[in-house]
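Just so you know, ligand 1 is whichever comes first in the structure, and atom 1 is the first atom listed for that ligand. Treat the numbers as computed from the prediction; the structure is a model and nothing was measured.
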Amino acid sequence: MSTISARQYEPLTTESAIELAKKLQLFTNTSALTCEEIGDGNLNLVFRIVDHHSKKSIIIKQALPYAKVVGESWPLTLQRATIESHALRQFADVAREYVPKVYYSDQQLAVTIMEDLSHLDIVRKGLIKGKNYPLLSQHIGEYVAKTLFYTSDFALDPQEKKKLLKQFINPELCKITEDLVFTDPFFDHETNDYEVELKNDVESLWKDKPLLLEVAKLKEKFLTNSDALIHGDLHTGSIFASDSETKVIDPEFAFFGPLGFDLGQFIANLLLNAFGRTNSKRQILFHHIDVTWKTFKETFSFLWKEHSVEVFSKVDGYLDYVLQETFEDAIGFAGCEVIRRTIGLAHVADLDELNPYESRIAAKQNALQFGRELIKNRRNIQTTDQINQLFNEIVNVKETLA
Ligand code: SR1
Ligand code: MG
């Protein structure tokens with residue numbers, strides 16, 4: 001990874017972003033460059049630079065030394081930019097078609113310069129508009145299977161894996177997930193953010209001791225299972241897609257974590273979108289959940305059979321055990337994600353932009369009940385069809401009572 005800049009870190013502006021692109025000679029003709037800051041995420045600056053002659057464009061992403069969503073009172077390591085560029089390269093080695101090209105990265109400036117994906121939609125925004133992305137789930141199932149398998153002890157020599165693991169020690173970003181996904185929403189914590197109408201539902205979660213015990217077990221898995229290099233924040237705002245293409249961005253939360261986490265977050269974010277849809281329009285989302293799991297399972301099983309270096313891989317029942325654990329964990333992680341996106345610090349537009357207000361509240365009440373059931377009943381949920389059934393039970397009972 002080259003570094004041409006000896007400059008001290010400072011946040012880029014549209015002008016200095018263009019200067020950087022010029023200095024790096026990323027454009028042959030620099031007379032018609034324009035730059036816009038387009039970041040709408042919680043943490044970083046994102047600049048899009050376009051050469052209006054050639055139509056070539058690039059993205060410069062820069063980490064800020066604090067969490068943008070909260071402000072300077074929440075300092076955050078710049079090292080996440082290095083984690084992100086390393087993870088993008090690592091994932092591209094095994095799933096190139098699903099990862100944006102990285103042109104340059106600079107540890108000092110905390111920037112990653114990469115392919116502009118503006119010809120694609122951010123999946124969350126597209127799903128909210130009712131778009132479907134027919135290949136999304138097949139692509140994500142394959143992406144997750146390949147990135148997990150090839151960074152696990154099933155593909156790597158354990159010594160090699162541990163060397164790689166060291167490069168992805170990511171304590172500050174892990175802490176965000178430990179707090180915002182696995183802890184704060186389950187207690188009366190100041191980071192929580194929910195409507196007054198949800199008070200009873202929220203307090204009932206906090207009093208549900210069996211639920212808290214199951215969340216503790218899931219959090220423990222997140223804290224301690226170093227199965228494979230996971231993306232760590234695989235929600236639908238981290239995915240660009242069209243009818244034929246899918247690209248996964250933003251792996252700044254990457255670290256060696258549990259196999260089920262990325263699947264759980266992706267599935268949860270499809271479910272979060274489902275609460276705002278009518279029954280007939282929801283079916284495509286359940287189809288996506290089904291295809292995600294089936295594709296993951298087939299691809300992971302194929303890689304296991306063809307490429308596993310683990311001597312126990314051929315023992316009857318071992319692959320089934322790993323897949324069963326992964327599915328069960330994914331369901332539990334999905335439940336935590338659904339709950340935290342409803343009442344925690346970082347919400348999703350899929351719920352927050354639902355109108356009228358009464359429907360938004362009803363959808364959020366359903367989401368809380370559904371998240372709770374996913375966590376508590378994850379061992380009894382054996383198929384993606386059962387996720388659909390559980391969803392229908394909760395939403396239909398409410399719709400019948402209304
Ligand atoms: C303070 S960061 C809030 C959320 O944004 C990121 O995308 C992660 O999902 C994190 O939990
Ligand atoms: Mg992100």
What protein N/O/S atoms are found closer than 2.8 Å to the Mg ion (ligand 2)? Asp250 OD2

If you take all heavy atoms of Asp243 and Pro134, which pair is closest and at what distance? OD1-CD, 3.6 Å

Non-hydrogen atoms of Phe296 and Leu148 that approach each other most closely: CE1-CD1, 3.9 Å

Exactly which residues line ligand 1, taking a heavy atom under 4.0 Å from it as the test? Asn42, Leu43, Val69, Trp74, Ile176, Leu180, Asp233, His235, Phe253, Arg340, Arg341, Ala346

Could you check whether [X] pairs with [Y] (Lys NZ or Arg NE/NH1/NH2 to Asp/Glu carboxylate O, under 4.0 Å)?
{"X": "Lys376", "Y": "Asp208", "value": "yes"}
{"X": "Lys161", "Y": "Asp153", "value": "yes"}
{"X": "Lys146", "Y": "Glu142", "value": "yes"}
{"X": "Glu172", "Y": "Arg80", "value": "no"}

Flag this pair as yes if the NZ/CZ of Lys56 is under 6.0 angstrom from the six-membered ring centre of Phe27 and inside a 45 degree cone about the axis; otherwise no. yes

On the 0 to 90° scale, with breaks at 30° and 60°, tag the His139-Tyr98 ring pair as parallel, tilted or perpendicular. tilted

Considering residues, nucleotides and ligands other than Lys68, do more than 12 of their heavy atoms fall under 6.0 Å from its NZ? yes

